[in-house]
**Q** 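Submitted below is the structure of interest, expressed as structure tokens.
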Amino acid sequence: MALIDTINPLLTTGWSKGDDGWSLKDYEARGGYKQLRRVLESKMTQDDLIAEVKKSVLRGRGGAGFPTGLKWSFMPKAAPEKYVVCNTDEGEPGTFKDRDLLRFDPHSTIEGMIIAGYAVGAKLGYNYIHGEIFEIYQRFEAALDQARAAGYLGNNILGSDFSFDLFAHHGWGAYICGEETGLLESIEGKKGQPRYKPPFPANFGLYGKPTTINNTETFAAIPFILGMGGEAYLNLGKPNNGGTKLFSISGHVNRPGNYEVPMGTPFAKLLEMAGGMRGGRKLKAVIPGGSSAPVLPADVIMDCTMDYDSIAKAGSMLGSGAVIVMDETVCMVKALERLAYFYFEESCGQCTPCREGSGWLYRVVHRIEHGEGRPEDLDLLNRVTDNMMGKTICALADAAAFPVRSFIKHFQSEFEYHINNKKCLVDPDVQRAGSGFFKAGAA
Amino acid sequence: MNTPNITVNPELSPEALKKIDREVAKYPADQKQSAVMAALVIAQDEKGWLSKETIAVVANYLGMAPMAAYEVASFYNMYDLHPVGKYKLTVCTNLPCALSGGVHAADYVKGKLGIDFNETTPDGKFTLKEGECMGACGDAPVMLVNNKRMCSFMLPEQIDKLLAECK
């Protein structure tokens with residue numbers, strides 16, 4: 001859906017016309033490709049460009065929050081062959097911002113990637129697009145054709161001596177490819193199994209060449225940062241948490257969707273923008289940064305502001321900005337069972353602690369949910385997570401463990417009730433009504 | 001390789017090969033294998049599913065080992081290594097969708113079609129799959145038709161409409 005509400009729109013300025021505002025002429029009409037033109041015509045140095053991005057304190061919008069300018073500065077200058085890769089493999093449950101970015105304003109990501117190519121000295125780029133969003137992949141390809149025809153892509157862009165081309169690579173259903181090295185393997189035409197780090201992609205990336213890989217929203221922010229200046233962008237947010245951020249709000253709110261707000265906006269304000277709780281019911285818990293982020297109980301999240309530092313202080317992660325809102329109709333055991341199944345299903349199988357551990361987590365939570373839990377199961381779950389976290393090549397094992405540990409930590413009594421009484425604390429009819437799928441009174 | 005014993009002409013049409021060539025052109029000349037994901041999708045679109053023979057045809061065309069292409073085909077969720085119905089419906093039941101009725105939507109479709117996940121209706125029209133996050137949680141419940149068409153806000157009325165549309 002198109003934009004519902006925002007404070008300080010940057011990334012979403014082009015969204016107001018919905019599906020009718022994505023084309024090149026619309027983007028140019030709102031100032032698009034002006035920053036690329038300025039960079040090329042003024043022959044801005046790579047160092048100055050990277051310094052401006054550093055000043056903005058733009059932090060990676062895919063989940064890790066790593067400073068973008070710093071990442072770009074790691075690229076070796078002398079290497080003859082380098083790549084820029086965009087991660088639109090948006091499969092983190094709860095996240096759907098990059099889909100809308102490419103749907104309503106694909107050219108901001110394209111312009112950001114071309115500018116990044118200039119900054120790091122790359123001539124070729126790829127945007128890896130999530131398998132399930134074929135229509136968005138088609139739109140991005142159409143936008144690439146427009147950009148190429150207008151001379152923004154290809155040889156000697158806008159008459160400069162800078163050449164850069166960009167292509168879309170379509171995924172086909174694997175959560176693990178959102179992990180950057182799994183994604184690179186996937187572009188190479190292999191199983192998307194993550195690589196050991198180091199070496200990091202800046203030294204050994206796509207086809208073994210230095211590669212800068214950033215999230216879609218990160219690239220899309222670049223033209224806006226150059227337009228307003230790094231410092232002004234930083235000041236939109238709060239120190240160490242520059243700019244605005246897209247939050248994808250799903251679950252039990254009246255108006256699920258994407259909201260762009262300055263970093264540091266209170267959670268309560270964001271909830272209000274999303275229309276408040278569905279049916280006026282009581283907030284129970286929120287996963288603030290995608291399903292891999294630890295869950296926070298209502299009273300904790302209501303005191304948070306939405307930025308990397310505040311959410312980290314509360315014991316969770318801002319992650320990709322996917323805010324999953326759960327009300328009092330949710331059985332926390334059932335909710336966790338669904339997440340545990342996801343990680344079990346999506347573990348790539350490469351590392352034993354993750355491949356076996358994710359299965360253990362799912363089976364034990366499943367048996368608790370189905371009335372077969374044992375008194376020692378909560379200790380068992382925590383012990384399994386101990387044997388997973390930090391013991392694998394990539395962070396999927398940690399991502400599988402965080403929900404389990406945080407659900408048990410904050411809702412232990414609900415798990416114990418389930419084990420002791422062999423049923424949900426929340427009445428099944430209440431749970432059923434909570435989804436809104438069935439009309440009141442219908443079977 | 002556990003694929004059913006059904007004879008399908010594994011060769012691809014000139015149109016399909018042309019589409020694959022367009023994908024190959026996206027990558028450096030010595031990196032044809034990068035096009036294998038797209039090539040397998042093109043092959044699946046043409047054949048309905050991927051037999052091991054079709055996978056081998058794709059691999060040969062790209063100059064890679066058939067097993068390397070099979071590894072890809074068996075790793076990513078949306079490749080069908082078995083025949084599926086004319087319409088493959090995939091329902092997301094992940095947590096954000098479930099909060100807004102994803103599981104209920106799947107139950108509803110199961111009831112309407114009389115099949116469970118990973119089953120096909122006797123007339124060969126529908127196959128039902130359980131999907132993981134499709135990255136559209138704000139539009140929950142979400143379903144995919146034949147991997148490429150996303151359907152949003154799938155409440156009972158919309159599901160009825162979709163099933164009626166699938167002739």
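What you see below is based on every heavy atom in this structure, not just the backbone, and it leaves out hydrogens, waters and symmetry mates. Just so it is clear: chains get the letters A, B, ... in the order the sequence lines come, proteins before strands, and each one is counted from 1.
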**Q** Can you say whether the rings of A:Y343 and A:Y175 are parallel (under 30°), tilted (30 to 60°) or perpendicular (over 60°)?
**A** perpendicular
**Q** Let's test your reading of the structure: which of B:A68, B:A105, B:G131, B:A35 forms the most heavy-atom pairs below 4.5 Å with chain A?
**A**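 When all of B:A68, B:A105, B:G131, B:A35 are compared, B:A105 has the most.
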**Q** Between B:L155 and chain A, with a heavy-atom cut-off of 4.5 Å, which part of the residue counts as in contact: side chain, backbone, both or neither?
**A** both
**Q** Pick one of side chain, backbone, both or neither for B:Y79, based on which atoms fall under 4.5 Å of a heavy atom in chain A.
**A** both
**Q** To the nearest 0.5 angstrom, please state how far the CD atom of A:Q431 sits from the CG atom of B:L99.
**A** 11.0 Å
**Q** When only pairs under 4.5 Å are counted, which of A:G436, A:G192, A:A322, A:A168 shares the most heavy-atom pairs with chain B?
**A**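 Highest number of pairs under 4.5 Å: A:G192.
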**Q** For A:L336, is it the side chain, the backbone, both or neither that has a heavy atom under 4.5 Å from a heavy atom of chain B?
**A**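 Contact with chain B: none, neither part.
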**Q** Relative to chain B, which segment of A:L339 carries a heavy atom at a distance below 4.5 Å: side chain, backbone, both, or neither?
**A** side chain
**Q** Does any heavy atom of chain B fall under 4.5 Å from the side chain of A:S291, the backbone, both, or neither of them?
**A**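 Nothing of A:S291, per the 4.5 Å heavy-atom cut-off to chain B.
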**Q** Please rank B:A140, B:P28, B:C97, B:A98 by heavy-atom pairs under 4.5 Å with chain A and give me the top one.
**A**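 Option with the top pair count is B:P28.
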**Q** Most heavy-atom pairs under 4.5 angstrom with chain B, which of A:E135, A:K97, A:H170?
**A** A:E135
**Q** Of the backbone (N, CA, C, O) and the side chain (C-beta and beyond), which part of B:M154 lies under 4.5 Å from a heavy atom of chain A, both, or neither?
**A**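 Just the backbone, heavy atoms under 4.5 Å.
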**Q** Mind jotting down which residue pairs meet the salt bridge (Lys or Arg N to Asp or Glu O under 4.0 Å) criterion with at least one end in residues 88-102 of chain B? Sequence neighbours excluded, please.
**A**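 Residue pairs with at least one partner in residues 88-102 of chain B: B:D80-B:K88.
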**Q** Against chain B, label A:Y137 side chain, backbone, both or neither, depending on which of its atoms sit under 4.5 Å from a heavy atom there.
**A** side chain
**Q** Examine whether an atom of A:I287 lies under 4.5 Å from a heavy atom of chain B, and if so say whether it belongs to the side chain, the backbone or both; otherwise answer neither.
**A** side chain
**Q** Is chain A contacted by the side chain of B:T93, its backbone, both, or neither, given a heavy-atom distance below 4.5 Å?
**A** both
**Q** Which bit of B:M150 is near chain A, if near means a heavy-atom gap under 4.5 Å: side chain, backbone, both or neither?
**A**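 Looking at B:M150, backbone and side chain both touch chain A.
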**Q** Please look at A:V325 and chain B and tell me whether the side chain, the backbone, both or neither of the residue comes under 4.5 angstrom of a heavy atom of that chain.
**A**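 Looking at A:V325, just its backbone touches chain B.
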**Q** For A:F167, is it the side chain, the backbone, both, or neither that has a heavy atom closer than 4.5 Å to a heavy atom of chain B?
**A** side chain
**Q** Under a plain distance cut-off of 3.5 Å, with no hydrogens placed, do A:R278 and B:S100 share a side-chain donor-acceptor pair?
**A** yes
**Q** Which atoms of A:H130 are under 4.5 Å from chain B, going by heavy atoms: the side chain, the backbone, both sets, or neither?
**A**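 Answer is side chain: those atoms of A:H130 sit under 4.5 Å from chain B.
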**Q** With a 4.5 angstrom heavy-atom cut-off, could you sort out which part of A:E141 is near chain B: side chain, backbone, both or neither?
**A** side chain
**Q** Sort A:C348 into side chain, backbone, both or neither according to what part of it lies under 4.5 angstrom from a heavy atom of chain B.
**A**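 Backbone plus side chain of A:C348, per the 4.5 Å heavy-atom cut-off to chain B.
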**Q** Which one of A:T95, A:N258, A:D98 satisfies the side-chain hydrogen bond (donor to acceptor under 3.5 Å, both in side chains) criterion with A:S248?
**A**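 The passing option is A:N258.
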**Q** In chain order, what residues pass the salt bridge (charged side-chain N to carboxylate O under 4.0 Å, His left out) check against A:R355, with sequence neighbours excluded?
**A** none
**Q** Among residues 84-92 of chain A, which ones touch chain B with a heavy-atom distance under 4.5 Å?
**A** A:E90, A:G91, A:E92
**Q** Is it the backbone or the side chain of A:S186 that comes under 4.5 Å from a heavy atom of chain B, or both, or neither?
**A**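 It is both, since atoms from each part get that close.
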**Q** If we define contacts as heavy-atom pairs under 4.5 Å, which of B:K26, B:M134, B:Q33, B:E23 has the most with chain A?
**A** B:K26
**Q** Do B:Y61 and B:D21 pair up side chain to side chain, a donor and an acceptor below 3.5 Å, judged on atom types alone?
**A**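 Short answer, yes.
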**Q** List in chain and number order the residues that pass salt bridge (charged side-chain N to carboxylate O under 4.0 Å, His left out) with A:K190, two or more places apart in sequence or in another chain; answer none if no residue qualifies.
**A**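 In terms of salt bridge (charged side-chain N to carboxylate O under 4.0 Å, His left out), with neighbours along the sequence ignored, A:K190 is linked to A:E188.
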**Q** Check whether B:A136 gets within reach of chain A through its side chain, its backbone, both or neither, counting any heavy atom under 4.5 Å.
**A**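 For B:A136, backbone and side chain are both near chain A.
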**Q** Give, as side chain, backbone, both or neither, the part of B:E130 having an atom under 4.5 angstrom from any heavy atom of chain A.
**A** side chain
**Q** Quick one, A:Y341 with A:H366, criterion ring pair (Phe, Tyr, Trp, His ring centres under 6.0 Å). Give me CA distance, side-chain angles, the key distance, then yes/no.
**A** CA-CA 9 Å; A:Y341 179 77; A:H366 179 83; 9.0 Å; no
